Amino acid sequence: MNVELAKTQFNIQNSTFIIVIFRIRKKQATKKLDIKLMSVRVRFAPSPTGFLHIGGLRTALYNYLFSRHHGGTFVLRIEDTDQARYVEGAEHDIITSLEWAGMTIDEGPHKPGKVGPYRQSERKELYAKYAKQLVESGNAYYAFDTTQEIEEMRERLKASGNPSPSYDSITRQSMKNSLTLPQDEVESRLKNGEEHVIRLKVPRRETVKFEDLVRGVVSFETAGLDDQVLMKSDGMPTYHLANVVDDHAMEITHVIRGEEWLSSAPKHMLLYKAFGWEAPKMAHLPLIMSPSGGKLSKRKAETEGIPINTKDYITGNYEPEALINFLAYLGWSPGDDSEIHNMNELCELFTLDRVSKGGAVFNHKKLMWYNEHYIRQTSIDDLLLKINVLVKAAGYDVTDEEYLKKVIELLHDRVSKVDEFISMGAFFFEAPKEYDENALKKWKDDSAGFVKAYQSKIALIPESEFVATNLKTLLEETVSENEVGFGKVMMPVRIVTTGQGFGPDLFASLELLGKDEVLNRIDQALQHLN
RNA sequence: GCCGCGUUCGUCUAGGGGUCCAGGACGCCGCCCUUUCACGGCGGUAGCACGGGUUCAAAUCCCGUACGCGGUACCA
């Protein structure tokens, strides 16, 4: 209606203008309508083959953000159909990782909803039933070929010049399956329990076209597709079958997954069609790339110093908010110049049409920048909670919370990760055992003399006046009496008391350490340093 | 090989025919602040892969090429 108005008002002047308006309005209108009509259900469907890696976490995140943006449901489904690659404990790791990151799973193996069970190994019968249904409807068939026979077929074809031999609409005609074998033989083979698989009967020449929510319309020719195995000989479904059956059974409305699945999507579309089901909307996310190129793999990440598993970020004391913020922006942006958003804001802002199409290189330095940012935003009291744990873990017996708070205050805007409060501030917890090599370069022949001079001054002031301002004044005195630069005295004092050549405000640090401790440390140090 | 998908500063991105001799962020460099190292503030460096079209006008639309990535399993 708005469009009509626009037309009558502007068509005399400029007809292209109207067309532009019309297109934009129409696009937005249909998109909003689509999503409002159905209640959004998305799933994160990892295989329990190891720890949840960072790419998986991001896929989960985008699913989560999308679900929350539309007030939908976030489902966790465990795709454990590959018994050989199953890893004990992986499921637990996935769940705890998602929770650590701040994502709430609405339905999952640990939190059953109406469409369970949520482990594919527990849904076997369902797949078998549907696979059989496909055979009966003529969309799939039994195949009895051994792996060896298939290999031989491939080699034979390769030898005769076929560069990519496959089990497809042509080659299946010369293989041992229910399409070529007489029906009674098929039946007897099945009755005898002979090993077999069920394959999808991929149509010979068809174009599979669908709209990907991040890429637009994509299309594939079925000629390039194998007759996919649907049921393996061990009675388990393949990913393709299980995935389609479950997404349908679990009423998933939007499939949001990594780009590595894009090539498989036409197989899935064919399956939906064969079942006569409406396919969910598809969105294939750009991959996270390694700085050296290629998909960020475990091996690459390790050699490039990037933690690959979510667990590594947990044990590495990263801020979950920082990781989430960073990951959200790796392949997506809200379209303005903002960089910082918490989970709630991300949920509000996230839309699939703002996901970028190209792969995104993981930039660890930017992650650290986010981490730093979130630490600075965290209050001293909240940091104290984390520091308490870390101090204990490091084996220090420091329980005075007021003391710890002061340590945190002094280091708050110098650390980029919480564990640096412990490493950078180690001298607050114990006297230095060794003196930093680089710092010692600044230790000159006259350093010990200056330190002694300063020591004798501060030894005279009462404990109650052992405060930063006084300590600074006395150091200034030492400086002027010796007619040297400030650093000539300050740095040696810093080295003997902290073991480091850098760090927080020296006088505030000395005040916090206390008179006895400072004097002791100086004595101790001067035994080693001359 | 074949199929598919991509390509804006080193990296993440904004931009989707004129408002862009391309904006922001990380990094890097410089300056300021400063007792060190940081933080912070200010400034700088650097990019539309290439070639053809279409158009009065192209980073933006079309076609090629190159390059990258993914897939091509009884793995997901």
Side-chain angles (χ1 to χ4, degrees), chain A residues 16 20 45-49 79-82 84-85 120 143 145-147 150 158 162-164 166-167 195-199 212 214-216 218-221 223-226 228-240 242-243 257-267 284 286-287 289 291 293-295 326 329-340 354 356-370 372 376 411-416 424 438-439 442 472 475-476 479 485-491 493-495 498 500-507:
Chain A
T16 31
V20 170
S47 293
T49 55
E79 309 226 324
D80 53 349
T81 55
D82 187 352
R85 293 209 300 158
Q120 290 187 327
D145 321 271
T146 62
T147 343
I150 295 170
K158 229 173 202 171
N162 187 333
S164 52
S166 51
Y167 202 122
E195 273 210 353
H196 67 278
V197 299
I198 295 178
R199 283 179 184 270
D212 185 282
V214 345
R215 277 147 222 289
V218 286
S219 88
F220 297 81
E221 300 300 323
L225 261 38
D226 264 34
Q228 290 303 308
V229 169
L230 266 19
M231 289 296 288
K232 300 186 261 192
S233 54
D234 65 0
M236 280 295 219
T238 58
Y239 171 86
H240 306 296
N243 198 258
R257 68 223 310 186
E259 196 190 343
E260 71 266 30
W261 293 110
L262 186 56
S263 308
S264 300
K267 302 166 192 170
H284 290 92
L287 261 21
M289 314 293 276
K295 188 158 92 164
F326 168 73
Y329 271 71
L330 205 54
W332 171 85
S333 93
D336 54 25
D337 287 343
S338 64
E339 298 280 341
I340 306 295
R354 295 209 59 86
S356 43
K357 298 179 176 81
V361 175
F362 191 103
N363 184 347
H364 191 258
K365 280 190 170 161
K366 186 139 193 187
L367 203 213
M368 291 314 290
W369 176 78
Y370 273 113
E372 241 171 74
R376 295 218 178 90
L411 291 167
H412 199 183
D413 51 13
R414 333 174 78 88
V415 300
S416 48
M424 201 182 277
N438 277 323
K442 292 188 179 166
K472 187 176 182 188
L475 193 122
E476 279 163 351
V479 164
F486 193 93
K488 284 289 244 179
V489 183
M490 188 281 281
M491 191 50 81
V493 171
R494 179 183 284 285
I495 294 171
T498 72
Q500 299 170 339
F502 58 88
D505 183 85
L506 178 62
F507 307 106

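From a predicted model like this one, the values you see are computed outputs, not experimental measurements. Protein chains get the first letters and strands the later ones, always in sequence-line order, with residue 1 at the start of each.
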Enquirer: For B:C69, which nucleotide is its Watson-Crick or G-U wobble mate, given both distances must be under 3.5 Å?
Expert: B:G4
Enquirer: Should B:G43 form a Watson-Crick or G-U wobble pair with both distances under 3.5 Å, which nucleotide is its partner?
Expert: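 Checking every strand shown, B:G43 finds its partner in B:C29, with both distances under 3.5 Å.
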Enquirer: Whole angstroms only, please: what is the CG-P distance between A:Asn363 and B:C12?
Expert: 8 Å
Enquirer: So what does A:Ser219 touch, heavy atoms closer than 4.0 Å: a base, only the sugar-phosphate, or nothing?
Expert: sugar-phosphate
Enquirer: Record whether the side chain of A:Ser233 comes under 3.5 Å of the base of B:C74 through a donor-acceptor pair of N or O atoms.
Expert: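 By the distance-only test, yes, there is a pair.
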Enquirer: Would you please classify the geometry between the A:Tyr239 ring and the A:Trp261 ring as parallel, tilted or perpendicular, with 30° and 60° separating the classes?
Expert: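 Rings of A:Trp261 and A:Tyr239: parallel, under 30°.
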Enquirer: When the P atoms of B:U60 and B:G18 are compared, how many Å lie between them, rounded to an integer?
Expert: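 Nearest-Å result for B:G18 against B:U60 at atom P: 11 Å.
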Enquirer: Under 4.0 Å, counting only non-hydrogen atoms across every strand here, what does A:Val361 touch: a base, just sugar-phosphate, or nothing?
Expert: sugar-phosphate
Enquirer: If you only use heavy atoms from C-beta on, which nucleotide in B:G23, B:C74, B:U11 is closest to the side chain of A:Arg199?
Expert: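 Shortest atom-to-atom distance from the side chain points to B:C74.
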Enquirer: Within the 4.0 Å heavy-atom criterion, would you say A:Val415 contacts the bases, only the backbone, or no part of the nucleic acid?
Expert: nothing
Enquirer: Using atom NZ of A:Lys365 as one end and atom C1' of B:C29 as the other, report the distance to the nearest whole Å.
Expert: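 Roughly 13 Å, once rounded to whole Å.
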Enquirer: Ignoring hydrogens and angles, tell me if any N or O in the side chain of A:Lys442 forms a donor-acceptor pair with the backbone of A:Ile495 under 3.5 Å.
Expert: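 Looks like no, no N/O pair under 3.5 Å.
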Enquirer: Using a 4.0 Å heavy-atom cut-off across all strands, classify A:Arg257 as base, sugar-phosphate, or nothing.
Expert: nothing
Enquirer: Using 30° and 60° as the class limits, which term best fits the ring planes of A:His364 and A:Phe362: parallel, tilted or perpendicular?
Expert: parallel
Enquirer: Using the C1' atom as the reference point in each nucleotide, state the distance between B:C9 and B:G24 in Å, no decimals.
Expert: 12 Å
Enquirer: Applying the Watson-Crick and G-U wobble criteria at under 3.5 Å, what pairs with B:C50? Answer none if nothing qualifies.
Expert: B:G64
Enquirer: Rounding to the closest angstrom, what is the interatomic distance between B:U11 and B:U54 at atom C1'?
Expert: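 34 Å, rounded to whole Å.
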Enquirer: Tell me if B:C39 is syn or anti. Syn = glycosidic torsion within 90° of 0, anti otherwise.
Expert: syn
Enquirer: Remember a base hit wins even if backbone is also touched, and classify A:Glu79 as base, sugar-phosphate or nothing at under 4.0 Å, heavy atoms.
Expert: sugar-phosphate
Enquirer: 5'-most contact on RNA chain B: A:Gly359 or A:Leu506, nearest heavy atom basis?
Expert: A:Gly359
